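What follows is a set of notes on a single structure, which appears directly below.
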Amino acid sequence: MSWWAHSREQEAALAHSLISWLEARRRAYPRMRVYHYAAPEPLFIRRLANRHGIDQQRARTLTGPRGIFTDLFDVVSATVRTGQPGASLKDLEPLYMGAFHRGDLADGARSVVLYDRLRETMTTEQLEVRPDALPGVLAELAAYNEYDCVSTLGLHRWLSAQRVTQ
């Protein structure tokens with residue numbers, strides 16, 4: 001068994017815990033929003049609920065049209081025109097990130113390849129032989145994901161500042 005693998009029961013419990021946490025936060029903060037860029041986050045929550053046959057209605061409520069998720073890609077597509085080569089988060093970052101830039105974290109494909117390679121090759125037995133390999137790879141993946149979160153927050157703040165109020 002690989003080091004990252006959870007049992008189906010563990011994955012179901014984690015999905016249930018996430019959905020319950022999001023609902024509790026929504027009760028505490030009724031105007032709460034979860035900003036993301038493109039579709040994956042709400043889609044993955046619904047897939048997890050469906051895969052395990054748990055909390056499906058709750059997941060649909062959280063991720064549906066009246067839910068807590070706001071896709072900033074939809075906002076950008078409908079409202080922003082730039083001279084950038086595309087509309088990916090990385091393409092838009094020069095508009096709002098300033099001097100704080102991705103640097104070595106610019107290659108999203110690298111993070112996917114790194115994760116897949118880690119999943120395919122790093123078994124529990126290999127970790128016992130080379131336990132120093134995991135922290136470096138996980139740190140790089142965490143840094144990439146953290147930067148995406150910081151960038152999404154930066155985009156949200158920039159879009160809010162551009163909003164014209166009537």
Side-chain angles (χ1 to χ4, degrees), residues 1-80 86-93 102 105-127 133-160:
M1 173 179 275
S2 297
W3 63 269
W4 78 94
H6 292 282
S7 69
R8 286 186 61 79
E9 294 79 20
Q10 288 172 314
E11 186 178 74
L14 289 169
H16 173 75
S17 178
L18 173 62
I19 291 167
S20 296
W21 183 83
L22 288 169
E23 286 179 329
R25 297 295 290 179
R26 187 180 200 186
R27 281 191 300 278
Y29 304 97
R31 295 178 49 159
M32 170 185 133
R33 306 301 307 153
V34 176
Y35 296 100
H36 62 98
Y37 200 79
E41 289 79 4
L43 177 64
F44 289 144
I45 290 173
R46 287 191 306 272
R47 280 185 184 166
L48 280 170
N50 291 337
R51 177 185 306 150
H52 297 290
I54 58 157
D55 304 322
Q56 292 168 311
Q57 182 56 47
R58 294 168 64 203
R60 280 192 297 275
T61 299
L62 287 169
T63 61
R66 294 179 181 242
I68 61 174
F69 288 84
T70 298
D71 188 348
L72 295 180
F73 177 79
D74 292 343
V75 175
V76 167
S77 297
T79 62
V80 177
S88 75
L89 202 54
K90 290 173 206 68
D91 288 329
L92 298 175
E93 286 171 355
R102 286 182 183 265
L105 303 173
D107 190 357
R110 174 175 159 62
S111 71
V112 171
V113 168
L114 196 62
Y115 178 76
D116 283 344
R117 187 178 305 139
L118 184 65
R119 262 191 37 213
E120 292 169 2
T121 63
M122 190 63 74
T123 64
T124 305
E125 296 78 27
Q126 288 169 320
L127 273 178
L134 182 61
V137 172
L138 290 180
E140 185 175 344
L141 292 171
Y144 183 85
N145 287 324
E146 182 179 2
Y147 188 91
D148 269 358
C149 292
V150 169
S151 181
T152 302
L153 175 61
L155 175 60
H156 174 261
R157 288 178 174 163
W158 182 81
L159 288 169
S160 295

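This one's a predicted model, so the numbers in the text were calculated from it and none came from an experiment.
Of all heavy-atom pairs between Tyr35 and Thr152, the closest is O-CG2, 3.9 Å. Between Ala39 and Pro42, the closest heavy-atom pair is O-CD, 3.4 Å. The shortest non-hydrogen separation linking Leu92 to Ala87 is CD1-O, 4.0 Å. Scanning both residues, Leu155 and Leu89, for their nearest heavy atoms gives CD2-CD1, 3.8 Å. Nearest heavy-atom pair, Ala38 versus Pro40, reported as atom, atom and distance to 0.1 Å: C-CD, 3.2 Å. The two residues Arg66 and Arg26 make their nearest non-hydrogen contact at O-NH2, 2.7 Å.
For the atom pair His16 NE2 and Trp21 CH2, the distance stands at 15.0 Å (nearest 0.5 Å). The line from CZ of Arg25 to CG of Leu62 is 13.5 Å long, rounded to the nearest 0.5 Å.
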Report the C-alpha distance between Ile19 and Leu48 in whole Å, list the side-chain angles of each, state the deciding distance to 0.1 Å, and finish with yes or no for side-chain contact (heavy atoms from CB on, under 4.5 Å). CA-CA 10 Å; Ile19 291 167; Leu48 280 170; over 6 Å; no
Evaluate the criterion side-chain contact (heavy atoms from CB on, under 4.5 Å) for residue pair Ile45 and Leu22; output intermediate values, then yes/no. CA-CA 11 Å; Ile45 290 173; Leu22 288 169; 4.0 Å; yes
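Pairs of residues two or more places apart, or lying in two chains, that qualify as side-chain hydrogen bond (donor to acceptor under 3.5 Å, both in side chains) and include a residue from residues 68-78 are Arg33-Thr70. The salt bridge (Lys or Arg N to Asp or Glu O under 4.0 Å) pairs that include a residue from residues 42-64 are Glu11-Arg51, Glu23-Arg58, Asp55-Arg58, where partners are two or more places apart or lie in different chains.
The side-chain heavy atoms of Leu18 and Leu14, taken from C-beta on, include no pair separated by under 4.5 Å. Residues Asp148 and Tyr37 fail the side-chain proximity criterion, which asks for heavy atoms closer than 4.5 Å.
Other residues, nucleotides and ligands place more than 12 heavy atoms under 6.0 Å from the CD atom of Glu41.
Looking at Thr61, its side chain does come within 3.5 Å of a backbone N or O of Gln57 through a donor-acceptor pair. Ser151 places no side-chain N or O within donor-acceptor distance of the main-chain N or O of Tyr147, the cut-off being under 3.5 Å.
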